[in-house]
Amino acid sequence: MMSHVRLIPILALAAPITAQSPAVQLIPRPASVTARGDLWRLPDTLRISTNRPAAKPAAALLLELLRSEHARPARNATRGQIRFVIGSGAAADESYTLTVGVDGIVITAPSLSGLRWGAQSARQLIVGATDGTTSGVEIRDRPRYEWRGAMLDVGRHWFPVADVLRWIDAMARYKLNVFHWHLSDDQGWRLAISRYPRLTSIGAWRDESADLEVGGFYTQADVRRVVAYAAARGITVVPEIEMPGHSRAALAAYPILGCTGEALPVPTGWGVFDDVLCPTEATFTFLEGVLTEVLQLFPSRNIHIGGDEVPKRRWKECAECQAIIAREKLGDDEGLQRWFTARIAAWLQTHGRRMIGWDEILNGGAPAGAIVQAWQGSNRIALALAAGSDVIASPAEWTYVNRSASPRELPLDRIVRFDPASPPNGKARVLGGEAPLWTERVVSPANVEMMYFPRLIGFAEAIWSGPADPGAFRVRLAPEQERLGRQGIAFGPADADLTSLMIRYDTTSHRLRLGQTNLITGIAAVVFRDGNPIAADTSGALFAQEGRFTLQLRRGVDAIGESRTVTVADHLGRNRPVTFATPPDPRYPGTGAYTLTDGARGTVFADGLWNGWQGPDLDAIIDLGSSLSLHEISISLLEEVRSWILYPSSVRVQLSGDGSQWRDGGTVALNVPTTSDGRSRRLVTVALPAGTAARWVRVVATNPGRLPAWHPGAGSPSWIFADEILVH
Ligand code: ACM
Ligand code: ZN
C-alpha cells in the first residue's frame, strides 16, 4: 500500500448543548435562538427585498452568495420572502435579528454591518435546508468581539488573487471581519509601490536554486479588487508592512536602507535575520512614501507595521544608529526601536490612522494610541493592557494555525476553546483576536486551505460566540464542512498532522524506506530521481540506487509542504553499525541507528536525516566488519546558525585494527561562525596516509561550545549536526 490514509473522524451525533433548536445549526452559534414552532417552505425562486436603499448591499450580497452556492434561483424584488430591514444605528453595531416564519425570513439590524452577518446566517440556513424547509426561529445575534481576524503571510509564499478572494469569502461566511494581509517579509515584498519599483522587480523574487526563481506580487489594481470584494462582505483588509525587521526583501531592492549598505539577495532560508532597516532620515522618507501609497489603497483605520523580532546587532555596530541614540538620548538600541516605532505611529496618526504592532513594540512602553497584537503568550495580553494599549489577542499556542493540528500543537478542539478575555485595565481593551497563518512551510493554495480549515471555523466560533464545547461544535461542523467543501475549499484534518513524510532505515533489509503517515485523502508523494519523476516505492528499492531524490507531497497538482531532497551515495561504511560515546539527542533520531551510515544525506535540519547533539561531542565508532584499505574519511555536517546549529570546532579521525588500540588518522580544524545568517552544509574530509588499513574508524567532531556573545542565544550550548560518515 502506498500510504496510510487517515480520514477525518466520523462524528457521533450528540445533542447540541447550545441554545439552537436542533434544526438550526449555525456557525458561529448565535447569541440566542428561540424556536417558534412553525416552518418555512422555501419557494422555487427566492425573492429578496429591502425596506430602504441603505439595505440594498446586503440584499445584493445574499443574492451573490446564493448564486455561488447554486442553492436555488434568487432575485431582487419589491416584496420578497427574504426581507432586509435596516434601522438607523451606528455602523459599528454588528447585531442583527433574523426571524424565520411561514412567510419567509426577515433580517433586521441597526446597520448594514449587522444585515451582512444576517445575510451570512440566511445563507447557511437556506443552503442547509436540504428538505426544502427551515424551522421557524427567532435569532438574536451579536459578536462577542469587534476584531475577528485571520492573517495570511504572503511574504514567505505568494498566493494568487483568486485564492485570496475565495478565502475572504469563507472568512465572511463565519463572520470574521478582518483580513490581515502580511504583505512584506524577509523572503518577499508583495505590494507594488509606484515610487519604489525595485521593491517588486527585485524584492518579490528569490532564487531557490540555479533555475528556480520563486515569488510574485500584487498590483495596485489587484489590491483594490481584494479590498472591494472584502468590503462587500463586511471585511476590513488590514495591510502589514514589516519594519524595521523582517525587511531583507526591501533591503535587497534598496541596500541604502540598511546599516551596512551591502547588497544582499532576497534570502531563501527562514528565521530572523541580522540585517534590518537603519532608521535614518532617508529610511523614514522611504517608509512614508510607501505608507502614503498604502493609505491610498487601504481604507482601514488601522495599519500594521510589524515590529517583531528585530535583532539589534547591526544597530550596535552602526555609527549612524549610535549617533541617533546619542542625539535623541535614547539610551540603547531598544530605545532606538521605541523611537522609530513612535515616529511611525505619529506619522500614521497625522494621517488619520492608528498603528498596530506585534507585542515587541511594548518593550520600553508602547507608543500612545497604538494597538498591540500579542503573540508571544497569553501574558503579553495582560502586559499590553497594563501598558494602556488596546489588544488583538493572537497567542501562538491558541491561534497560530501554521502549527500542526496534532494534539501536541493546535487541534480544532483547542482552538474552539480559545478565550482572549483578560481583566480590563483602565480604558484599554481586548478588541478581539486573530488566527495567523505563517507560510514558511505552506507552499500552495490547497496547503493554505488545509491549514486554515476547519480550524479557522473553530476560531470564528470562539471569537464571535465565545469558547465552545468541542463535541457540540463538531456536530454542527460536519454538514457545514461538506457545504464549504462544495465551494472548492480543501480541508485538513482537525486533529492530526496534515502530512508526514519520513525516511526510515529498516535494520532487517538494511534499506532506507519511504514512509507516510497521517495523510488525508488525495495526498500522495511524488518522487523525482535526478530530476525525473519515478514511482514512489515504500519497499526501499527507491533508495537502493545512488542518486539525488526529491520528495514532494501533492494533492492533485498542488504541492503540500516543502519538498525534501535526499542524496544517496555508496561508500565502504554503508550499512555498517555505529556506536556512540553519547547517543544523539532523541529529538533528532535521523533515520534510526544507522543514520550516519545509511548512505543518505539531507539538506535542512528538519528533513529527518540528521543526528544532533546539543553540548556533547559527536564521538562515533564504525565497525567495517573486516580490515579494509582506506584513503579518506569524510563527515557531512550542517550549519544553521540562527537555529543554534554550528560546525564543530574540529573533526578528528582515529583508526584501529582491534577496536581497542587507536592510532591517529588526522584532524581538520573549522572556524566558529561570525554571522547568524550562516546556513550551509559541508563535507569535511580527513585524508589518510598512503597504505592505511583498519577495521574500526572513530570520528570525533568537537562541539564548539557555547553560542558566541553576538548570537541571540548567546551562552546556550551549541548544536552540532551530522547525517553521514563516508568511508572511502
Ligand atoms: C511573529 O510570529 N513573529 C509575530
Ligand atoms: Zn544603522
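In listed order, ligands and their atoms are each counted from 1.
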- May I ask you to establish whether R414 and F418 are in a cation-pi arrangement, using a distance under 6.0 Å from NZ or CZ to the six-membered ring centre and at most 45° from the ring axis? no
- Check the side chains of Q220 and E293 for a donor-acceptor pair under 3.5 angstrom, ignoring hydrogens and angles. yes
- Item | Set of residues satisfying side-chain hydrogen bond (donor to acceptor under 3.5 Å, both in side chains) with respect to D163, sequence neighbours excluded | R166
- Assign the ring pair Y452 / W167 to parallel, tilted or perpendicular, where the plane angle (0 to 90°) is split at 30° and 60°. perpendicular
- Are the aromatic ring centres of Y588 and W719 under 6.0 angstrom apart? yes
- Message: Are Y218 and W158, when compared by the centres of their aromatic rings, separated by less than 6.0 Å?
- Response: yes
- Message: I need the protein N, O or S atoms closer than 2.8 Å to the Zn ion (ligand 2), given as residue plus atom name.
- Response: C259 SG, C278 SG, C318 SG, C321 SG
- Task: Could you tell me the separation between the CZ atom of F473 and the CD1 atom of I415, rounded to the nearest 0.5 Å?
- Result: 9.5 Å
- Message: Tell me every residue that passes salt bridge (charged side-chain N to carboxylate O under 4.0 Å, His left out) with D274, counting only those two or more places apart in sequence or in another chain.
- Response: R313
Could you pull out every N or O of ligand 1 that sits under 3.5 Å from a protein N or O, with the distance for each pair?
| residue | atom | partner | partner atom | Å |
| --- | --- | --- | --- | --- |
| ligand 1 | 2 (O) | Y400 | OH | 2.7 |
| ligand 1 | 3 (N) | D308 | OD2 | 2.6 |
| ligand 1 | 3 (N) | E309 | OE1 | 3.4 |

- Taking 4.0 angstrom as the limit, do R380 and D359 come out as a salt bridge? yes
